[in-house]
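Heads up, the thing below is written out as structure tokens.
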Amino acid sequence: THQRAGPVFKMAGADGDDSLYPIAVLIDELRNEDVQLRLNSIKKLSTIALALGVERTRTELLPFLTDTIYDEDEVLLALAEQLGNFTMLVGGPEYVHCLLDSVRLLAVEACVSIATLLPQEDLEALVMPTLRQAAEDKSWRVRYMVADKFSELQKAVGPEITKNDLVPAFQNLLKDCEAEVRAAAANKVKEFCENLPEDSRETIIMSHILPCVKELVSDTNQHVKSALASVIMGLSTILGKDNTIEHLLPLFLAQLKDECPEVRLNIISNLDCVNEVIGIRQLSQSLLPAIVELAEDAKWRVRLAIIEYMPLLAGQLGVEFFDEKLNSLCMAWLVDHVYAIREAATCNLMKLVEKFGAEWAQNTIVPKVLGMANDPNYLHRMTTLFCINALSEACGQDITTKQMLPVVLKMSNDQVANVRFNVAKSLQKIGPVLDSNALQTEVKPVLEKLATDQDMDVKYFAQEAISVLALA
């Protein structure tokens, strides 16, 4: 397809002027079978245009391009990028229409650059036909480009054209048959809505945009759902309290229960803007049950995902709310029957203490953790040790020495060897946090006793702790 004869550029090279010879080569490359070569030569188009001058660029080069390159999407994209910067090479803004007529893909990139140059009254005639075509182009990459540039287009064409043209175009992009296009459009939902003309913003969103958004919440493609989840919370600020409660909360709830973790994460990580609009009480009545439901889900991987969001959630909802509603969940995870959950729950406590501080830990977390040291189930007793390992640094010397250390030392007499060798490991871990007096008078004698344990593992870990803490 690339061997058709375009216009024959009568290059000066033929008359012995070698400076223009590369142009003939470039023109050849544009027709080459090899896509890479064609891409490279497109990147040099501005050189050709400069050499030809504005007149010949308009009358010869652009028609040649239109004629030669109906092509792979990749080549069209490269061409669009070049031609977006071509305004001056065709003689400035007044000749800009040549560009728009020239290459069907160029459309989008150029429409953005060109729309900002043209007076409002020329947009309708010169830019909009191309844009309308691009928004319905048969190549999904062209439609993707329109979706991707939507906010810039919106700013460039102004409120009237936005209302009449861009709103229906945006609806179509949100319903596009290609997931990539839907995802690109979904990404722009908040920005598009924010930039709508104020007098008609709410009406347009409620009657035109929201119905499309509702469909996307249950899209078959997770990238589309995820893109939407990352911006949808921002609509609450635009639509206000009543609309958020009535129309958006049900969508947030649906997404919070989505099987795709990224969708859930995107909702949880943007809760703060909804919180600002509708307040924590309303939020907790609606979203909290969903979070609790996930926290107690039968599938342990779902529980795990929610634990990982907990510090984020705690930070967004604040300490009082956390203590009232979520603290008990976090403690319950510590005794989950799946080890991975207990481990994640331990790490979660550490992050919470980093967020809320040592005093909070001392009042709410530490007593509960230490209480588990007397649990009949040795796995739960071990969890106490794991928590102490994780919390000692964040809680600091005072709490570690006065409250945690005595519990660890007492557990050195546990009848289960697994617990005893974890005591040795814990002492090694919290040792650096303790003062040297406690190390010498309390830790050393206990480790020495464990170093003579009948159990091989207990002996090994006790001796290791003694050497690491330099207590020998």
Residues two or more places apart in sequence or in another chain: which of them pass ring pair (Phe, Tyr, Trp, His ring centres under 6.0 Å) with Phe192?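 With sequence neighbours excluded, Phe192 shows a ring pair (Phe, Tyr, Trp, His ring centres under 6.0 Å) to Phe150, Phe170, given in chain and number order.
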Is a side-chain N or O of [X] found less than 3.5 angstrom from the main chain of [Y], in a donor-acceptor match?
X      : Y      : value
Ser151 : Glu191 : no
Asn164 : Glu160 : yes
Trp333 : Ala295 : yes
Gln154 : Thr162 : no

Mind checking salt bridge (Lys or Arg N to Asp or Glu O under 4.0 Å) for Arg381 and listing every partner two or more places apart, or none if nothing turns up?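 If we apply the salt bridge (Lys or Arg N to Asp or Glu O under 4.0 Å) test to Arg381, skipping adjacent residues, the hits are Asp414.
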Taking side chain as C-beta onward, heavy atoms only, is [X] less than 4.5 Å from [Y]?
X      : Y      : answer
Arg342 : Leu334 : no
Lys175 : Arg182 : no
Val157 : Met128 : yes
Asp297 : Ile306 : no

Residues forming a side chain to side chain contact (heavy atoms under 4.5 Å, CB included) with Ser412, sequence neighbours excluded: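 Side chain to side chain contact (heavy atoms under 4.5 Å, CB included) check on Ser412 returns Val423, Val446, Lys449, Leu450.
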If you look only at pairs with a residue in residues 405-424, which of them pass as a ring pair (Phe, Tyr, Trp, His ring centres under 6.0 Å), with sequence neighbours excluded?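 As it turns out, the ring pair (Phe, Tyr, Trp, His ring centres under 6.0 Å) pairs with a partner in residues 405-424, which skip direct neighbours, are Phe421-Phe461.
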Using residues 365-374 as the side-chain source, report each donor-acceptor pair under 3.5 Å to any protein atom, sequence neighbours left out, with the distance given to one decimal.
| unit_1 | atom_1 | unit_2 | atom_2 | d |
| --- | --- | --- | --- | --- |
| Asn374 | OD1 | Lys410 | NZ | 3.2 |

Flag the pair [X] and [Y] as a salt bridge only when some basic side-chain nitrogen lies within less than 4.0 angstrom of an acidic carboxylate oxygen.
X      : Y      : answer
Glu124 : Arg132 : yes
Asp336 : Arg303 : yes
Lys402 : Asp398 : yes

Compile the donor-acceptor pairs under 3.5 Å between side chains in residues 220-233 and protein atoms, sequence neighbours left out, one pair per line.
| unit_1 | atom_1 | unit_2 | atom_2 | d |
| --- | --- | --- | --- | --- |
| Asn221 | OD1 | His223 | N | 2.7 |
| Asn221 | OD1 | Val224 | N | 3.1 |
| Lys225 | NZ | Asp258 | OD1 | 3.4 |
| Lys225 | NZ | Asp258 | OD2 | 3.1 |
| Ser226 | OG | Glu262 | OE2 | 2.9 |
| Ser226 | OG | Asn266 | ND2 | 3.2 |
| Ser230 | OG | Ala227 | O | 2.7 |

How many angstroms lie between atom CG of Leu271 and atom OH of Tyr309, to the nearest 0.5 angstrom?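 With rounding to 0.5 Å, CG (Leu271) is 12.0 Å from OH (Tyr309).
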Show the numbers, then the answer: is there a side chain to side chain donor-acceptor pair (under 3.5 Å) between Trp360 and Asp323? CA-CA 10 Å; Trp360 172 81; Asp323 283 346; 3.0 Å; yes
